[in-house]
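Here's the structure, in structure tokens; my notes come after.
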Protein chains: 2
Amino acid sequence: MNTEHRSGCPINLSLEVFGDRWTLIILRDMIFGGRRHFRELLNGSLEGIASNILADRLKRLMELGLLTKADDPSHKQKAIYSLTEMAITLVPIMAHLGAWGRVWLPVSEELSIRAELLEKGGPPLWEQFMDELRHEHLGAPTKTPPGTPGVRQQLQAAYEAAVSRKAEIAAG
Amino acid sequence: MNTEHRSGCPINLSLEVFGDRWTLIILRDMIFGGRRHFRELLNGSLEGIASNILADRLKRLMELGLLTKADDPSHKQKAIYSLTEMAITLVPIMAHLGAWGRVWLPVSEELSIRAELLEKGGPPLWEQFMDELRHEHLGAPTKTPPGTPGVRQQLQAAYEAAVSRKAEIAAG
DNA sequence: CAATCCGATTGCATTTTGCAATCAGTTGCA
DNA sequence: TGCAACTGATTGCAAAATGCAATCGGATTG
């Protein structure tokens, strides 16, 4: 792990972690897209990351303590990547970033649904989501009562509804 | 302004704006450091930005609508850079980013004071700060009652107190 | 009228990125 | 058994971004 820092400023240090075009995209796909495998991240992201960059960033994220890697018991070659608590606490930042982008940048309708829902849910929804992520990635016990719909499912359902709504309109 | 986007995802689009090592540093120095001139930004930042990169980013930030440039009436050669509303609404993101860095990264004591104060003040303090920035940069009327200490002054005072506290300790 | 300050610009070496092809091992299926 | 498909990567190479130092012409200051 690189210990040469430009300054000890919290914002600068955060930027030394995220100040590139791919790191947060990977974390977004893991957090909101539920991706855990190399190929899922490689083929699943809309932006089309290159495999060498993905490999480099995954390695870097592990060195930084944001991800861990484990063998997938179902497949001797598969690796499963997990978020650490350090990464899970990025959820509020992701939510803010999405909300800001939704207001100021040319976002596509369908893709902004998730950000909108996350923004409207506010900190309580973010907490629920982080709880779910801790359950999925860290094996922590859930605080949410059984039967409660998962936040990721809610976001995904809203996205798919928007897509089919758009398809209906396109079909006339 | 570049209109080729990797995707219409709000987080991706935000990343296309901030996904480099310098853009947010410049905005940080303008927002929290109160810098408005090229040389202030060039010599003032702890991280030591190069003049060509600074020029490039300032241009880009203007094209993106985050900054405006105006002549300084006191000096025919001086340019004054101002934050737009688009940039001012980054304050909550900066606060979150600082708070996250303070928890997870090796921040220096003095420099993290500001982030701590901003975190403790929460959304109400951020709103006051944004109001002040709108006053300074957009000429908007202030909502804060006269006599109220400015947020930037508070942050700066806390920082300087931390520095002198440290100097005292060092002196024995 | 000389030194200094102003917002940049230039040239150049180094580093990072983007892209495509490829790798060796594993698995599923016929 | 054989072979195609899939696994997490690695390699080579061109293009772009970055870092660094020197420099620019004009404006201001002493």
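Below, read A as the first sequence line, B as the second, and so on, with proteins coming before strands; counting in each chain starts at 1.
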Whole-Å distance between [N] [atom2] and [X] [atom1]?
X: B/Asp72; N: C/dC5; atom1: CG; atom2: P; answer: 17 Å
X: A/Arg36; N: D/dT7; atom1: CZ; atom2: P; answer: 16 Å
X: A/Lys59; N: D/dA9; atom1: NZ; atom2: P; answer: 11 Å
X: A/Leu54; N: C/dC19; atom1: CG; atom2: P; answer: 14 Å

Does A/Asp71 pair with A/Lys76 as a salt bridge, N-O distance under 4.0 Å? no
Is B/Arg102 salt-bridged to B/Glu109, cutoff N-O under 4.0 Å? no
Short of 4.0 Å, heavy atom to strand atom, which residues of residues 38-53 of chain B count as contacting DNA chain C? B/Phe38, B/Arg39, B/Ser51, B/Asn52
Measure from NZ or CZ of A/Arg6 to the centre of the six-membered ring of B/Trp22, then state whether that distance is under 6.0 Å and the direction lies within 45° of the axis. yes
So, do B/Phe129 and B/Phe32 have ring centers that fall under 6.0 Å from each other? yes
Considering heavy-atom distances to DNA chain C, does A/Arg21 or B/Lys78 have its closest nucleotide positioned more toward the 5' end? B/Lys78
With heavy atoms under 4.0 Å as the rule, sort A/Lys69 into base, sugar-phosphate or nothing. sugar-phosphate
Residues which pass side-chain contact (heavy atoms from CB on, under 4.5 Å) with B/Ala157, listed by chain and number, not counting sequence neighbours: none
With a 4.0 Å limit, can you tell me whether [X] has a side-chain N or O closer than that to the phosphate oxygens OP1/OP2 of [N]?
X: B/Trp22; N: D/dA17; result: no
X: A/Arg57; N: C/dT17; result: yes
X: B/His37; N: C/dC6; result: no

Any side-chain hydrogen bond (donor to acceptor under 3.5 Å, both in side chains) involving residues 32-41 of chain A? Give me the pairs, sequence neighbours left out, ordered by first then second residue. A/Arg36-A/Ser82
Contacts of B/Arg152 that satisfy salt bridge (charged side-chain N to carboxylate O under 4.0 Å, His left out) - sequence neighbours left out: B/Glu136
Who pairs with B/Glu132 by salt bridge (charged side-chain N to carboxylate O under 4.0 Å, His left out), at least two apart in sequence or on another chain? none
May I ask you to decide if A/Thr144's main-chain N or O and A/Thr148's side chain share a donor-acceptor pair within less than 3.5 Å? no
Quick tally for nucleotides 24-30 of chain C: nucleotides whose base has a protein heavy atom under 4.0 Å get B, sugar-phosphate-only ones S, the rest -, giving BBSS---
